[in-house]
Amino acid sequence: MSIFMIFSTLLSVVIVAYYVLKKYNPIFVFLFSGLILLIFAYYVFDVPIPKASKEHTGILSVLLDSYAFIVATFKEQLSGTGLIIMSVAGFAAYMKHINASAKLAFLANKPLGKIKNKYLILSGTFVVGMALKIVISSYTGLLLLLLACIYPVLISLKIRPITAVCVLSLIALDYGPKDANSITMANMVGESDNVVGLFLNYQMYSVIFYVLIIAILIPFYFAWIDKKDKEKGVLNDEVNIPEIIDPKCPTIYIFFPWLPVVFLFVTYFRYKT
């Protein structure tokens, strides 16, 4: 029975992924898949519909109760974690609109040009990117900023394009009190009002060790990769250097993306004391 349940779950995931990749409306795909799974579990495994308050007299009754449970769940998530995530996303979009995030990434990148060893520059790029991740919560948005502001500098310093993008792709860890996934996880463990505490007590040290270990390994690994590719004759030194653009906005704007993080920490320590 348990094997059949696992198989049916995996099958439903595959079907949902297929229709999402086919660009069907994901909201309706998830809605109908949820309804089908609830009804399937009720009739095949005799699993009761959650929060149903009456006996079911037929398929219509099961369908209505399943729909009511999904609607209630949507409302609960939207009014709680969902609303916070939308607020965070809206703030991040506005910071991008006024070029505050781009200015921050551009200025954070400047010290890297003073490092002579290009492999240490790669480590510095990783550390800078991970530091920016705490204020620029969207990984996609951060990666686009890094490609616009830091990638051209890496290319101008004779770093291979494939090496540059590989290092940027390592900045993929979701962490920090402003990150949408962190907010969701905090809600899952009943700590929705303590996201900063979750970060300070459980995330911070693992993130620090992650950054240190990867930053130390980057020079050795990519030096070895370049040496191996050179022996194969696949190194390509003729690269078009992209234009390095300084975003048009006042320098003071670099402080704006930090405001939510500052407010979160101030509020946390204020109530902590």
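The analysis underlying the following values was restricted to heavy atoms, covering all of them including side chains, and did not include hydrogens, waters or symmetry mates.
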CZ/F40: more than 12 non-hydrogen atoms of other groups inside 6.0 Å: yes
From Q203 atom CD to Y210 atom OH, the distance as rounded to the nearest 0.5 Å: 13.5 Å
Nearest atoms (heavy-atom pairs only) where L200 meets Y205: O-CE1, 3.8 Å
Same apolar cluster (I L V M F W Y, side chains within < 4.5 Å links), V127/M204: yes
Greater than 12 external heavy atoms within 6.0 Å of L217's CG: yes
ILVMFWY cluster, F199 and I208 together (side-chain gap under 4.5 Å): yes
Verify same cluster id: I225, L122 (apolar side-chain graph, 4.5 Å): yes
same_hphob_cluster(I214, W224) at 4.5 Å side-chain heavy-atom cutoff: yes
Check: L11 and I15 side chains under 4.5 Å, non-hydrogen atoms: yes
Single-linkage hydrophobic cluster Y18~Y24, side-chain heavy atoms < 4.5 angstrom: yes
Side-chain touch D229/R160, heavy atoms, less than 4.5 angstrom: yes
Any side-chain heavy-atom pair of L120 and P219 under 4.5 Å: yes
Approximate separation, where rounding is to 0.5 Å, of L212 CG and F126 CZ: 9.5 Å
Gap separating the CG atom of L170 from the CD1 atom of I218, nearest 0.5 angstrom: 5.5 Å
Check: F222 and C166 side chains under 4.5 Å, non-hydrogen atoms: yes
Nearest heavy atoms of D226 and Y119, plus distance in Å: OD2-OH, 2.7 Å
Side chain to side chain contact (heavy atoms under 4.5 Å, CB included) assessment of V167 paired with I159: CA-CA 11 Å; V167 171; I159 293 174; over 6 Å; no
Close side-chain approach of T163 to K118, heavy-atom, < 4.5 Å: no
